[in-house]
Structure formats: structure tokens, C-alpha cells
Trainee: 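Take this structure, written in C-alpha cells, and hold onto it; I'll ask about it next.
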Amino acid sequence: MRRAVSGWAYLVAAALVSLAAYLSGAEPAFAAILFGLSVVAILLRNGADQPVARSETTPAPAPVEKADASGPVISAVLGAIELPVFVLGRDAVLREQNRAAEKAFGALEPGLHISARFRSPSVLDMVRETIATDEPNQIEHSERLPSERVYIVRIAPLHIEGAREDLFLLSFKDISELRRIDRMRSDFVANASHELRTPLASLRGFIETMQGPARADPKAQERFLAIMLDQANRMSRLVDDLLSLSRLELKAHIAPDQMVDLVPVIGHVRDSLAPLASDLEVEIRLHVPDGKVEVLGDRDELVQVFENLIENACKYGQEGKVVDVYVRNPAGGSVEVSIVDHGPGIPAEHVPRLTERFYRVSVTDSRSKKGTGLGLAIVKHILTRHRARLIVRSEIDQGTEFTVRF
Ligand code: ADP
């Protein structure tokens with residue numbers, strides 16, 4: 001009431017000041033602006049007064065029941081967290097779970113003991129220990145169903161002032177993907193070392209033989225030297241491919257920005273593979289449309305892609321005698337290059353894994369054909385950078401088609 005009265009008094013004062021200004025010769029517009037500014041000032045002042053006024057008229061609010069896990073603020077905060085989290089009471093009974101937890105572990109009825117969902121003794125021991133000591137804890141925990149997942153499970157007491165009860169936050173950080181990448185990395189290092197170790201062991205064996213038993217046998221030495229050159233070449237192919245992969249990984253996120261005409265690229269690849277094709281008695285036939293077929297790309301990398309695919313088609317589809325390369329540029333559709341061989345084909349179970357590093361349908365077959373097992377991994381890396389896809393269709397005894405779709 002007192003605030004309303006003082007508001008009116010200010011308003012009357014403002015009107016009087018403006019009127020006085022007008023009467024003392026000021027422009028009417030200036031007097032009007034003065035009045036407007038005074039009103040705004042009064043309103044702002046009243047606004048600033050409000051908390052004080054409220055504290056005068058209303059009693060101090062009772063402490064908010066912040067600790068009530070079903071409170072809307074806590075629910076909203078939990079809902080915004082992308083980690084699955086559960087709120088437990090000191091009795092280890094579930095008070096609340098967020099949407100991420102519902103998605104990961106299914107909806108749980110509030111009021112259930114946490115052991116109704118997580119039976120792992122290590123999780124339950126950890127929960128028990130934190131409830132007893134009020135100290136945060138974390139462990140690694142795997143779930144097998146519905147799919148294999150690895151989590152860092154952490155429990156920490158929630159210190160909420162004026163809470164009705166003690167609460168604990170149980171959170172699950174999914175590290176399955178990190179684990180998978182770690183495993184891939186260590187498999188890769190193991191595979192790469194193994195691939196290098198084999199030719200190295202063979203080189204060492206031949207050197208020892210030439211220093212010992214074959215010391216005075218020039219014929220044997222000549223034969224061994226040829227094999228040693230072969231092994232050294234294999235090692236250098238492997239190192240080249242490994243370096244190529246690591247260079248590609250470094251620029252994986254930079255999309256190429258040059259326009260490249262695929263027709264001369266494919267022509268160049270056919271010419272550079274002509275000696276290999278003729279050794280294998282394979283004919284490479286090109287089917288290209290008239291005019292340019294341009295895509296955004298890096299020319300050297302695209303040469304590498306088509307060299308790998310056409311070389312594989314010649315090597316592994318040798319018995320089909322012909323490798324067809326189709327370049328298609330449909331109006332309104334995606335540019336496609338298909339490399340089709342008429343060889344033995346690839347059993348379906350191998351197809352999804354062909355682009356993994358060192359994956360080969362037959363290791364001896366690949367080695368005998370100077371393969372490193374990295375060609376298709378390099379192709380996949382380059383195509384990912386080009387935002388293009390590799391589609392593999394294969395039928396046993398009919399042949400294989402690798403299509404690059406831009
Ligand atoms: P490699 O160096 O062994 O050729 P790639 O990564 O280029 O490695 O190919 C992986 C494997 O895929 C090869 O070892 C081979 O078993 C299989 N493969 C690739 N292309 C063909 C094809 N056109 N026909 C049959 N098998 C193929």
C-alpha cells in the first residue's frame with residue numbers, strides 16, 4: 001500500500017517538473033520527453049525496490065525442498081544430462097532416473113532397490129561402500145545385454161543444503177567406443193610389426209646362410225639375393241602403405257576442393273597398369289561417357305583409389321580375363337565408377353571386413369600377389385575424405401563389382 005502511494009507521489013512530481021519546464025519556456029516536446037523519462041525512472045526505481053517490498057510484506061520463504069529428487073529442477077537437470085544417471089537414497093532404493101538411463105537400461109520403477117537392475121557384485125559393493133562412507137567411488141563394469149558395453153560407473157553423494165534425505169548420484173559413462181578404438185590400435189601395431197617381422201626374419205636367415213654354408217656357392221647366393229630383394233621390396237611396399245594411411249588419417253577431416261575430371265584419371269590408371277595386366281593376361285576395358293565427368297576431389301588420391309581397385313580386379317579376378325571399368329554420370333544422379341571382374345568372387349562373410357587393415361580373404365594368395373592387406377583400407381580412407389562410398393557386390397564364380405559412388 002505504502003509503495004503504491006509513493007509511486008503516485010513520484011508521478012505527480014514528474015508531471016509538475018515537466019509542467020514547470022514548459023511554463024518556463026521549454027519546447028513542449030522537451031517537456032514531454034522529460035515527463036516520459038521521469039516515468040521510466042520511477043518504474044525502474046519501483047522495480048529495484050521490489051525485493052525489499054516483498055521482504056517487508058511476505059514472510060521469508062520456507063527452505064525449498066531441494067533434496068526431493070522428484071523436484072522439477074532436479075528432474076530437469078537430470079533430463080539435460082546425456083550420461084545415464086540414477087538418484088538413490090541411503091537405502092540404495094531408486095528415487096529417480098533420467099531419460100538417458102531409461103534409454104540405456106529401460107524404465108525402472110522408482111522404489112526398486114538398485115540391485116533389481118544391477119546384479120554385478122562389484123557395482124553393488126561400490127554403492128554400499130559409498131553409502132557407508134559418503135566417499136565417491138568408481139569402477140569399470142561391462143554389460144552383455146542387449147549388446148556388449150563397457151561403462152565407468154561412478155557413485156557420489158549429493159550434498160544438498162536443507163535436504164530432506166541424503167541422496168547419491170550413480171552415473172554410467174559408456175567407454176565401449178574408446179575401448180574398441182584402443183583394441184583396434186593395438187591390433188594394428190601388432191599386425192604391422194608381424195607383417196614387417198616376417199620378411200625381416202627371412203632376410204636375416206638368408207644373410208646368415210650366405211655368411212655360412214653358402215659362403216662359396218655363387219649359384220645359391222644368386223638365388224638367395226633374388227629372394228632377398230623380393231622381401232626388401234615387400235617391406236618397402238608395406239612401409240609406403242603404412243605412411244600413406246597415416247598421412248590420410250592426418251587430413252581425414254579436410255574435404256578436397258578441386259574439380260577433377262575422372263575420365264583422364266581412369267585413362268591414366270589403365271595405362272599405368274597396362275604392364276601388370278599384360279603379365280596377367282587380363283584386358284582392362286573402359287566404358288566412359290562422352291565429355292567430362294567431374295567430381296570434387298584430390299587427383300592423386302583418386303588415382304590411388306582406382307589403381308588399387310583395378311589392380312585388385314586384375315590380380316584376384318585374373319581368371320576372368322577381362323576387367324570392365326564403367327564411369328557413369330546420370331543426369332540428376334550421383335557419379336559412379338564401377339570396376340567389374342569376372343573372377344572367383346568373394347564369399348559373403350568376408351565382404352563387410354575387406355576394408356579393415358590387414359584383412360585378407362587368403363593371406364597366402366595376397367602375399368603371392370604382392371599384397372599388403374592395406375589397399376582397401378587406404379581406398380576407404382580416401383573415399384571417406386571425399387564423402388564418397390564404396391559398394392561391394394560379389395557372387396561366387398561370377399565375379400566382383402567394386403563401385404565408388406560420389
Ligand atoms: P591386398 O594388398 O591383400 O590386395 P587389399 O586391401 O587391396 O589388400 O584387399 C584385401 C583383400 O580383399 C585381398 O587380400 C583379397 O583377398 C580381397 N579382394 C580384393 N579385391 C578383390 C577382388 N576383385 N576379387 C576377389 N578378392 C578381392
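We count ligands from 1, going down the list as the structure has it; atoms in each ligand are counted the same way. We use all heavy atoms of the structure for the numbers below, so side chains are in, but hydrogens, waters and symmetry mates are not.
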Trainee: So, are Asp187 and Arg183 salt-bridged, with charged N and O less than 4.0 Å apart?
Mentor: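 Answer for the salt bridge query: no.
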
Trainee: Heavy atoms under 4.0 Å from ligand 1: which residues qualify?
Mentor: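 Protein residues near ligand 1 are Asn312, Ala313, Tyr316, Asp341, Ile346, Leu354, Tyr359, Arg360, Val361, Ser366, Gly371, Thr372, Gly373, Leu374, Gly375, Leu376, Thr400, Phe402.
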
Trainee: Using 4.0 Å as the upper bound for N to carboxylate O, is an ion pair formed by Glu195 and Arg237?
Mentor: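 Here Arg237 does not pair with Glu195 in a salt bridge, since their nearest N and O are not under 4.0 Å apart.
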
Trainee: Between Arg179 and Glu148, does any side-chain N to carboxylate O distance fall below 4.0 Å?
Mentor: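 A salt bridge is absent here (no side-chain N lies under 4.0 Å from a carboxylate O).
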
Trainee: Name the orientation class of the two ring planes belonging to Phe306 and Phe406 (parallel below 30°, tilted from 30 to 60°, perpendicular beyond 60°).
Mentor: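 Geometry flag for Phe406 against Phe306: tilted rings.
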
Trainee: Side-chain polar contacts of residues 215-223 - donor-acceptor pairs under 3.5 angstrom, sequence neighbours left out - could you list them?
Mentor:
residue: Arg215; atom: NE; partner: Gln211; partner atom: O; Å: 3.2
residue: Arg215; atom: NH2; partner: Gln211; partner atom: O; Å: 2.8
residue: Asp217; atom: OD1; partner: Lys219; partner atom: N; Å: 3.3
residue: Asp217; atom: OD1; partner: Ala220; partner atom: N; Å: 3.1
residue: Gln221; atom: NE2; partner: Ala214; partner atom: O; Å: 3.1
residue: Gln221; atom: NE2; partner: Arg215; partner atom: O; Å: 3.0

Trainee: With the threshold set at 4.0 Å, does a side-chain nitrogen-carboxylate oxygen contact exist between Glu249 and Arg185?
Mentor: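 So Glu249 does not pair with Arg185 through a salt bridge.
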
